[in-house]
There are 2 protein chains.
Amino acid sequence: MLTDERHQLIRDRLAAEGRVLAGELASRFGVSEDTVRRDLREMAKAGQCRRVYGGAVAAALFAAAPVSLRGSHAIEEKMRLARAAVTLLSSGQSLFIDGGTTNAAIARAIPRDLELTIATNSLSVASALSEHALVELIVLGGRFDRNLGTCVGADTLAAVAQLGADLFFLGSCGLDASRGVTAFDSAEAEVKRAMARNSAGIVIAVTNDKLATAAPYRVAGPEAIRHLVVEKTAPAVTLADFERQGAEIRFA
Amino acid sequence: MLTDERHQLIRDRLAAEGRVLAGELASRFGVSEDTVRRDLREMAKAGQCRRVYGGAVAAALFAAAPVSLRGSHAIEEKMRLARAAVTLLSSGQSLFIDGGTTNAAIARAIPRDLELTIATNSLSVASALSEHALVELIVLGGRFDRNLGTCVGADTLAAVAQLGADLFFLGSCGLDASRGVTAFDSAEAEVKRAMARNSAGIVIAVTNDKLATAAPYRVAGPEAIRHLVVEKTAPAVTLADFERQGAEIRFA
DNA sequence: CCGCTTCTTGCACAAACATGCAAAACATGC
DNA sequence: GCATGTTTTGCATGTTTGTGCAAGAAGCGG
């Protein structure tokens, strides 16, 4: 039996009954339970079902699409960064989180037992947080830019202006010790600036490829960065520049 | 029995009766009372019920209702409704789409070659549309209600007030020929009313189980419905009542 | 006050799980 | 053909999770 066939049969069964049991599928297909579990894991990752202890249940039509981290190259690395970044959090804080795959990974990595207030203009961040029961989630609406995956424009700016946060997780397009944080898009930069203005501290998590690069639109100076989360392999000389300007470096 | 199934059954029972008893659930499910208590504790933590001595009662304002619709049996039916509903669309229109599983299905069914402007307060609708290149998507932000899957509250109302639409796809909680469209939640109803006010026409797509039912909060009178999309098996007598008040019936 | 029920907590055990590894089946390139 | 790499699978491994039981605390009613 082909892997793909199995997946199709599982999908059929999910559509018909709404749930499947790992053990039952294993004996039905004549494969080990491990194989079934692998199947279910993959399908869950693709958003085709939701994994539960003992089997899987049909994906809720209700739920938003899973955060697509596919297509981004450094998934592993970003998840590592995310795990390091969320150690900065504690219950009771309020956050701004903007767009980008790294921030989506961070949103996913936020422990479910933290009580937080989070405002975001990113659809994938919002989706990732939509089932965190203890998170008060505020969606910053506006015109949706599908290149960025975030809302931008006057409405978004107005929404940001009404809020304040302890920390701002800034998705950085370019990060340079002299020019600071920069973005590729004017509207995007404007929203980021507004969030920065209304936050007590800025957190940036970046992969090495963004370090020592710059984009046209300036968002925040290097001195505004409070926490910088980087890979272990980040060039020490660059980090020293940021550290000199007040950033606290944290390695993933 | 899966843990998740138990939770779902408890939610259903809470929605139907408003309260559950730990002992009763234990014997019904064939598990120990400790397990049921654990379930109730978790669900209470997730805001799905309120724990009381001896069992649990429904969380404030009927939070269980939308979640219990996740039952996957109706997915096929909703997709059929969705395919029928999108035939009402043509390029150039602007739409409001609110929450609910049926509207999520409609959003998914919208053809990619239509040029539309769509405003929604539903995260799942926004996600579904986030890759429709020709759709100008406007996210109506605000406080996210995870039971509804939509944004509600003052910010959302303000965002709606700035817009107008040709059609409003109204996700209906209850639909009755005399009381019209009704909702379970006050904040939800308020947003729906605002969208209705700013739309030229209202479209409602419902499965049979919603027909001839009503919820506490009134959204719009029956005469406000322009298009009503229903299953082929919908009771003719009920449909006639709507038709008499100006609705155009369309079968899936 | 007391007796009763319900609840939480700690613990133990089994089932379900992820992970690493090796064998087999397959494709790819020289 | 043959070496090499990839994918799939099952198995052995520790680990995690769900469950029931027991003991003590807390709520409830007399």
Side-chain angles (χ1 to χ4, degrees), chain A residues 1-11 13-14 17-59 66 69-70 73 75-80 82-83 86-87 105 108-115 131-134 252, chain B residues 1-11 13-14 17-59:
Chain A
M1 165 168 302
L2 273 54
T3 309
D4 213 58
E5 279 181 285
R6 264 196 332 264
H7 284 211
Q8 188 55 54
L9 289 172
I10 294 173
R11 271 190 292 272
R13 220 169 164 70
L14 276 171
E17 302 187 17
R19 61 134 228 214
V20 291
L21 303 176
E24 188 198 330
L25 291 175
S27 61
R28 169 175 300 262
F29 295 153
V31 298
S32 75
E33 293 197 19
D34 299 71
T35 301
V36 172
R37 274 192 274 270
R38 258 185 282 251
D39 290 339
L40 295 179
R41 218 184 304 166
E42 284 170 31
M43 292 174 64
K45 197 168 180 180
Q48 298 172 347
C49 66
R50 194 163 53 84
R51 192 75 172 81
V52 296
Y53 198 87
V57 297
L69 295 177
R70 286 187 303 268
H73 40 291
I75 303 173
E76 313 280 320
E77 196 48 60
K78 286 179 190 203
M79 304 249 270
R80 248 197 308 279
R83 280 190 293 271
V86 296
T87 61
R108 272 196 173 186
I110 291 177
R112 304 244 167 175
D113 58 351
L114 286 182
E115 236 176 288
E131 297 203 355
H132 281 63
L134 300 180
Chain B
M1 164 168 302
L2 298 170
T3 309
D4 205 68
E5 280 183 287
R6 255 190 346 257
H7 286 209
Q8 185 59 53
L9 289 172
I10 294 173
R11 273 191 291 269
R13 220 169 164 70
L14 276 171
E17 304 187 14
R19 58 137 229 202
V20 290
L21 302 176
E24 188 199 330
L25 291 175
S27 61
R28 171 177 297 263
F29 295 152
V31 297
S32 76
E33 293 197 18
D34 299 72
T35 300
V36 172
R37 274 192 273 270
R38 257 184 282 252
D39 290 338
L40 295 178
R41 220 183 304 164
E42 284 171 33
M43 291 174 64
K45 194 169 180 181
Q48 298 172 350
C49 67
R50 198 162 51 82
R51 194 74 173 81
V52 295
Y53 198 85
V57 296

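So you know, we letter chains A, B, ... as the sequences are listed, proteins then strands, and number each from 1.
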Would you check if [X] and [Y] make a side-chain contact, meaning some heavy-atom pair closer than 4.5 Å?
X: L9(B); Y: R28(B); result: no
X: V31(B); Y: M1(B); result: no
X: L134(A); Y: H132(A); result: no
X: T3(A); Y: T35(A); result: no

With each end axis built from five pairs of C1' atoms, what bend angle do you get for the helix from dC1(C)-dG30(D) to dC30(C)-dG1(D)? Round to 10°.
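Taking five pairs per end, the axes differ by 30°.
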
Does D4(B) come within less than 4.0 Å of R19(A), counting only side-chain N to carboxylate O?
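Salt bridge flag = no for R19(A) with D4(B).
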
Do R6(B) and E42(B) meet the salt-bridge criterion of a basic N to acidic O distance under 4.0 Å?
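R6(B) and E42(B): not salt-bridged.
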
Taking only residues two or more places apart in sequence or in another chain, which ones pass side-chain contact (heavy atoms from CB on, under 4.5 Å) with R51(A)?
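side-chain contact (heavy atoms from CB on, under 4.5 Å) list for R51(A), sorted by chain: R37(A), L40(A), A44(A).
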
Set of residues satisfying side-chain contact (heavy atoms from CB on, under 4.5 Å) with respect to Y53(A), sequence neighbours excluded
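By the side-chain contact (heavy atoms from CB on, under 4.5 Å) rule, Y53(A) matches no residue at all.
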
So if I define the base as every atom that isn't primed, P, OP1 or OP2, how would nucleotides 16-27 of chain D read as a B/S/- string at a heavy-atom cutoff under 4.0 Å?
-BSBBBB----B

Which heavy atom in C49(B) sits nearest to a heavy atom in L14(B), and how many Å separate them?
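That would be CB-CD1, 3.5 Å.
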
side-chain hydrogen bond (donor to acceptor under 3.5 Å, both in side chains) involving H7(B) - partner list, sequence neighbours excluded:
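Once residues adjacent in sequence are excluded, the partners of H7(B) under the side-chain hydrogen bond (donor to acceptor under 3.5 Å, both in side chains) criterion are D39(B).
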
Outermost nucleotides of DNA chain C that come under 4.0 Å of a non-hydrogen atom of chain A
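With heavy atoms of chain A under 4.0 Å away, the range is dA15(C) to dT19(C).
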
